[in-house]
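Worksheet: the structure to be examined is printed underneath.
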Amino acid sequence: MPNDTSRNNRQNDGAELNHILQARRDKLSELQAAGKDPFVITKYDQTHHSAEIRDHYDELEGKEVSIAGRLMLKRVMGKASFCHISDRDGSIQAYVARDSVGEEAYADFKKLDIGDIVGIKGTVFKTKTGEVSVHAESVTLLSKSLQVLPEKFHGITDTDMRYRQRYIDLIMNPEVKDTFIKRSMVLREIRRYLDERGFMEVETPMLVENAGGAAARPFVTHFNALNEDKKLRISLELYLKRLIVGGLEKVYEIGRVFRNEGTDAMHNPEFTLMELYQAYTDYHGMMDLTEGLYRHVAQAVCGTTKLNFRGNVIDLGQPFKRATMVDLVKEYTGIDFDQVKDDAEARALAREHKLEFMEMHKKGDILSLFFEEYVEDKLIQPTFVMDHPVEISPLTKRKPDKPGYTERFELFINGGEFANAYSELNDPIDQRERFKAQEALLAAGDEEANTTDEDFMNALMVGMPPTGGIGYGIDRLVMLLTDSDAIRDVLLFPTLKSLDKNDTSKSQGNVQAEAASEGAQAAASGAEIPKIELDLSKIKVEPLFEDMVDFETFSKSDFRVVKVEDCEAVPKSKKLLKFTLNDGTDRKRTILSGIHEFYEPE
């Protein structure tokens with residue numbers, strides 16, 4: 001239970017934040033009363049983005065442009081000011097002078113808050129320091145921000161908040177925006193690569209009667225109009241194979257699938273899967289296609305086929321290793337499953353190596369358990385793991401020379417699975433037997449086992465040509481190309497547990513406001529902030545900054561007294577000083593200030 005002091009501190013912080021938010025509301029009311037309501041504006045003619053102006057400076061110097069974006073920094077310096085506008089492509093500086101925009105417009109500019117959306121029209125130039133900027137001729141407030149953004153130097157550090165309020169994460173962290181721009185590029189390049197090779201993109205149902213094609217527990221929902229239960233698809237496979245039967249020889253789909261399972265660094269219950277099927281080829285053809293696809297996408301998106309991923313350099317430019325599951329288990333354990341006679345011997349080996357299994361598991365299941373335990377995490381460079389046992393591959397064609405194994409591979413990179421491919425089973429009699437075996441597992445309690453899809457069986461009876469098929473985890477590919485640690489980092493809105501509606505400490509507004517105030521963070525952690533009576537009546541503004549401070553705005557701002565514990569010059573910088581501050585909570589805070597040309601550290 002929080003003590004009275006921490007509870008009071010939290011209440012005081014809330015009151016302070018409410019005061020700041022109210023000040024923003026008051027500014028909006030003043031604008032509306034003056035006939036300058038930003039919310040009645042319906043459009044703004046944006047001619048250029050920040051990167052375009054920088055990249056084409058020689059062509060645009062001295063020419064008029066219109067930019068629009070979020071105000072992220074503002075330095076008011078008497079009759080002239082600088083601000084930074086953040087847009088889709090990055091950030092650009094604008095120079096706003098009273099003599100250029102007019103006295104009334106300049107007064108309005110000084111009252112703008114960080115987070116406001118503005119449009120600026122002006123000419124392109126370079127400052128004395130060589131920074132490409134826009135000399136403003138007019139500034140238009142397009143949308144008033146009524147919420148406080150997180151503090152600049154601490155940003156948005158609450159991971160849960162980052163995922164719940166991705167819009168704030170995108171505003172505050174440019175590297176996050178870059179990740180999702182690359183994700184879009186990945187999808188574009190995949191489509192380009194496949195379209196150029198004659199593949200046709202299709203769409204298939206998400207609501208299905210029989211969720212098959214993978215070993216996973218489905219989500220169940222109810223279709224009110226038909227008064228029957230439906231499932232959300234767990235794969236794309238069975239409908240795409242129907243299209244192969246129908247004569248569409250090369251098809252693929254990129255779409256969301258849903259699996260009722262837990263979450264971890266590599267799994268999210270809804271994720272993006274791509275599956276493709278090509279008639280008249282086999283799993284070797286799928287390997288060749290996959291190598292080419294991965295190299296193309298990496299080169300197009302990252303400009304290289306050598307990628308840093310979780311501390312390892314992954315080389316997509318070299319031929320991918322190809323090895324059977326049996327050979328890999330033998331390499332890392334010394335056990336040759338080709339010499340294991342039956343299920344009983346396989347189970348005995350599992351007991352000897354303390355691997356957990358169920359009595360219904362057969363030799364092939366045990367082989368898979370050995371692979372998962374002793375091999376998976378060793379496969380750092382791209383490796384095609386081939387020829388899985390038939391027990392764990394219900395939709396795959398058997399190897400003609402080894403009927404206990406299938407023509408299947410999984411692509412492993414850095415110890416994780418990135419793709420899964422088959423020479424597809426097209427024998428309807430064999431397929432029905434496989435479904436029966438799966439239904440036996442379901443009856444024995446395996447909630448991830450498949451059931452027989454009679455319409456799919458009918459399609460196979462009509463006749464499906466020899467076909468190669470593969471499924472790619474798009475999210476994992478994006479993780480690889482962006483060196484992301486968790487799947488949630490490459491999903492704009494990952495699945496999260498719902499917030500307790502009675503817990504106001506994590507409400508959408510309060511979470512954001514907390515990140516804007518260190519005092520709120522300290523109070524929330526239970527740290528006691530000593531109450532110190534300070535006489536601020538004789539505080540004076542440093543003469544250097546007298547013309548830069550707009551007191552009307554400053555008086556309504558979030559400010560606090562801190563103790564400067566240390567000050568030192570930043571190496572190799574002529575402008576920056578590094579200050580170590582203490583606000584009374586003994587939580588050290590470091591800030592950088594560009595005043596080195598005026599002061600020397602003592």
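Salt bridge E201/K250: absent, no basic N to carboxylate O contact under 4.0 Å. The pair R256-E270 meets the salt-bridge criterion, since a charged nitrogen lies less than 4.0 angstrom from a carboxylate oxygen. Using a cut-off of 4.0 Å between Lys/Arg side-chain N and Asp/Glu carboxylate O, K111 and D108 are scored as not salt-bridged. Salt bridge status for E196 with R192: absent, with no side-chain N to carboxylate O gap under 4.0 Å. Ionic pairing of K43 and D45 is present here: one or more N-O contacts between side-chain nitrogen and carboxylate oxygen are shorter than 4.0 angstrom. Look at E410 and R408 and you find a salt bridge, because one of the NZ, NE, NH1 or NH2 atoms lies within 4.0 Å of a carboxylate O, short of that distance. A salt bridge links K27 with D113; the closest basic N to acidic carboxylate O contact falls under 4.0 Å.
A donor-acceptor distance shorter than 3.5 angstrom exists from the side chain of E275 to the backbone of E237, with no hydrogens or angles considered. Of the possible polar contacts, one joining the T290 side chain to the M286 backbone as a donor-acceptor pair under 3.5 Å is found.
If you check the side chains of S50 and D87, you find a donor sitting under 3.5 Å from an acceptor. Side-chain polar atoms of Y106 and S100 form no donor-acceptor pair below 3.5 angstrom. No side-chain N or O of H48 forms a donor-acceptor pair with one of S66 less than 3.5 Å apart.
Within 6.0 Å of NZ in K144 there are more than 12 heavy atoms belonging to other residues, nucleotides or ligands. In the displayed structure, E203 atom CD is contacted under 6.0 Å by at most 12 heavy atoms of other residues, nucleotides or ligands.
Centroid-to-centroid, the aromatic rings of F82 and Y95 come within less than 6.0 Å. The ring of F412 has its center closer than 6.0 angstrom to the ring center of F371.
Not counting sequence neighbours, R54 has no partner by the salt bridge (charged side-chain N to carboxylate O under 4.0 Å, His left out) test. Annotation: salt bridge (charged side-chain N to carboxylate O under 4.0 Å, His left out) contacts of R25 (sequence neighbours excluded): none.
Tested against R183, the residues T272, D178, T482 include a single side-chain hydrogen bond (donor to acceptor under 3.5 Å, both in side chains) partner, T272. Exactly one residue among L273, I254, L293 makes a side chain to side chain contact (heavy atoms under 4.5 Å, CB included) with Y472. That residue is L293.
The closest side-chain heavy-atom distance from V124 to Y57 is below 4.5 Å.
Sorted by first and then second residue, the salt bridge (Lys or Arg N to Asp or Glu O under 4.0 Å) pairs involving residues 297-310 (not counting sequence neighbours) form an empty list.
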